[in-house]
Every structure is written in C-alpha cells, then in structure tokens.
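Ligands are counted one by one from 1 in listed order, and the atoms in each one are counted from 1 as well. Small disclaimer: the values here were computed from a predicted structure and weren't measured.
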Amino acid sequence: MENNIKLSEVVGSGKDGRILKEDILNFLEKQTGAILPPSPKAEMMPPPSPQKPKDKTIPIPVSRPPVFTGKDKTEPIKGFQKAMVKTMSAALKIPHFGYCDEVDLTELVKLREELKPVALSRGIKLSFMPFFLKAASLGLLQFPILNASVDEGCQNITYKASHNIGIAMDTQQGLIVPNVKNVQICSVFEIATELNRLQKLGTAGQLSTTDLTGGTFTLSNIGSIGGTYAKAVILPPEVAIGALGSIRALPRFNQKGEVYQAQMMNVSWSADHRIIDGATMSRFSNLWKSYLENPSFMLLDLK
Ligand code: COA
C-alpha cells in the first residue's frame, strides 16, 4: 500500500506462493532500480561454506551504500518481534546474576578440523555448537538446578529430566530459539545432525512449534556473527543461559610458561539469582570449560 504495488503483479516465493517482504523489496528494486537496505542476515552472514579458510573467524560485513529515506516510518511490532517483547518483558522480572570466563579452544579447534570432513562425508556440517551443547549437557547432569524451572510465585523448582538445549538463531524473520531435544542421550554427531535440520528449517521459516518449545537451557553463539563479549537474558521459564563470543587467536602461556597461540573464546553466563548462586554457576562453568579445553575428557563420560 505504501508503494502502490498491485500484489497480483508480485511473484511470491514463500510457502504456497505467499508474498514475503523480500518479494516486495525485489519487486520495488526492479521497478525503481533503487538499492534497498539488505536484510540483516544477508548483510552479516554469508551462507555457510565448508571450504572456508581454516583461520577464518568472523564474517566481514559487506559494505553497501547507505540509504537515506528522508522520512520517519512507524510500523506495528509483530511476528517473532512481538514474541520477543513478551518473553523479554517477563525476563526483566528475573534477578540476573552474571558470570564470565575465557575458554581455551585450541584442542577443540584441532579436533573439529579432523572431524569436519568425516561429518561432511555423511552429509553433515560440523560446527563448534554440538561440542558446546554436549559439554553443557554433561555439566547439567552434575548441576541439575541449572536445567530447572521455577513456578510463577517462585515456590517450587522443577528439575527437568530432558536436556532440551535451545540455540539462539539469527534468521530472516528475527531471533528464534529452537532446541535440540534430549542432548543428554545424543552423540556429538547426532546433535550436529539435529542442528543442521533446525538451521535449515529456521532459514526457511519452517520450524515447528515442537522445535520452538520445551527448551530447558539455552546457548547463544553471537560469536558466529562477531563480538568478544555479550550478556545474555534468561529465557523464562528457564533459569540459565550462556552467551559465547568469537573465537580469536591470542597469545597465552602454557604450563611451562611458554607463550603459544591459543584459540580463545569468552563465555558469559546469566542465571536466575533467586535459586542459583555464584558458586554453582562457577563450578558448572569450570566443568563445561574443562570438557572443551580437553575434549578427550568428554569421552570418559559419553554414554
Ligand atoms: N567464533 C568464531 N567462529 C565461529 C563461532 C565463534 N564463536 N561460532 C561459529 N563459528 C564459525 C563456524 O565454525 C562456521 O565456520 P566453518 O564454516 O568453518 O565451519 C561459521 O562460523 C558459521 O557457523 P554457523 O553456520 O553459524 O553455525 P554454528 O553452529 O556455529 O551456529 C547458530 C549456529 C544458529 C548459533 C548461528 O548461525 C547463529 O544464528 N548465531 C547468532 C545467534 C544470535 O543471534 N544470538 C544473539 C541472541 S540475542
């Protein structure tokens, strides 16, 4: 309506031929030759490519000419954005406790390089996330209060049996948090397979309600876009969430006091301070970190 477009002239690329925002933007672009603002996804996240250089860490933002429209614009908040308003307003009622540390992923980076082609030969892209999720699940087995929920009046705690670990996902539609179900009984490869499925559906805007509900703990890997530090907000009724920064090559000392090139990542945990104390968060974080810094430790505890 804003641009006097007849919808009958626009070809829809959505489900059952539905017309999406991108279709309108493409149509306008063709009509006017104007360069329209790219979607944030297209701008920041090139499609994943298994052939990326080994030392690549952060995608470089594509520079595009800025667009100045010259007039204010008001639009309704809807869809995933509306859901975000509701969840984050509820999250504001939770007293957040923050705890940060750095993790040396040098060994994990090497291990993933070895395993990546094996997973790829089975048709699966293996990122770092499956390891982060598995290590978190092994930690949650020892600290079940972090995989719990509290009722509204904070009178009862329910310790969840399943580790349904949510992954904050950046999509064309906005932020969504699908979860990998029962991580406690999944292998790293099974988690990767499930993550590939969720990412594919998330990109297509086709995640099911089952995929998007029932999460018990969340990880937000903002580092895949960029940034060294982040402070995550708890997703109620969950009680803890972790935000991960970018993996960067930095100098560190080994046990002999020699400097080496380490692959470092910062983690920042946020927990519900009504039921979780700092010592618990710290012990969980130490355990999670030890699994990732020494990936072979995970073998001992894998079922
Ligand atoms: N540091 C450096 N590189 C990283 C990284 C990190 N923290 N995390 C991932 N990467 C790399 C991956 O290993 C991969 O490289 P590769 O091609 O060599 O394998 C590349 O970045 C792309 O990874 P991606 O496809 O994004 O997979 P993923 O499993 O690592 O992450 C999601 C999946 C869903 C978490 C991610 O795509 C995403 O949406 N992140 C944003 C989350 C967000 O918006 N959080 C904020 C919520 S408020």
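- Thr203 places a side-chain N or O within 3.5 Å of a backbone atom of Gln199 that can act as its donor or acceptor partner.
- Under a 3.5 Å cut-off, the side chain of Ser270 and the backbone N or O of Ala232 do form a donor-acceptor pair.
- Contact atoms of ligand 1 toward Gly223: 1 (N), 6 (C), 7 (N) (distance under 4.0 Å to a heavy atom of the residue).
- Closest heavy-atom approach to atom 48 (S) of ligand 1 within the set Asn221, Leu175, Ile247: this belongs to Leu175.
- Atoms of ligand 1 found under 4.0 Å from any heavy atom of Leu195, numbered from 1 in the order shown, are 29 (O).
- Close contacts of ligand 1 with Ser220, meaning ligand atoms under 4.0 Å from a residue heavy atom, involve 45 (N), 46 (C), 47 (C).
- Residue contacts with ligand 1, taken as heavy atom pairs separated by less than 4.0 Å, involve Ile225 solely via side-chain atoms from C-beta onward.
- By the 4.0 Å heavy-atom criterion, Arg248 is excluded from the residues contacting ligand 1.
- For the 3.5 Å distance criterion, the side chains of Thr193 and Asn196 fail to qualify, holding no donor opposite an acceptor.
- In this structure, Phe132 and Trp288 have tilted ring planes: the angle between them lies in the 30° to 60° band.
- The option from Met84, Met88, Lys231, Gln199 that lies nearest to atom 27 (O) of ligand 1, judged by heavy atoms, is Gln199.
- Using 4.0 Å as the threshold, Gly245 has a heavy atom nearer than that to some atom of ligand 1.
- For the pair Arg252 and Tyr260, the NZ or CZ position fails the cation-pi test of under 6.0 Å to the six-membered ring centre and within 45 degrees of the ring normal.
- In this structure, Arg122 satisfies the cation-pi test against Phe189, with its NZ or CZ atom closer than 6.0 Å to the six-membered ring centre and inside 45 degrees of the ring normal.
- Any N or O atom pair closer than 3.5 Å counts here, and Lys125 shares at least one such pair with ligand 1.
- No donor-acceptor pair closer than 3.5 Å links the side chain of Ser282 to the backbone N or O of Gly278.
- Both the backbone and the side chain of Ser224 come within contact range of ligand 1, each with a heavy atom under 4.0 Å.
- Interface of Met129 with ligand 1, defined as ligand atoms under 4.0 Å from a residue heavy atom, comprises 28 (P), 29 (O), 30 (O), 31 (O).
- Atoms of ligand 1 found under 4.0 Å from any heavy atom of Arg112, numbered from 1 in the order shown, are 13 (O), 16 (P), 18 (O), 19 (O).
- Looking at Arg197 and Glu194, a side-chain N of the basic residue comes within less than 4.0 Å of a carboxylate O on the acidic one, giving a salt bridge.
- Listed by number with element, the atoms of ligand 1 under 4.0 angstrom from any heavy atom of Ile222 are 43 (C), 44 (O), 45 (N), 46 (C).
- Heavy-atom proximity to Phe128, at under 4.0 Å, picks out these atoms of ligand 1: 13 (O).
- A perpendicular orientation is assigned to the rings of Phe284 and Phe143, their planes being inclined by more than 60° (bins at 30° and 60°).
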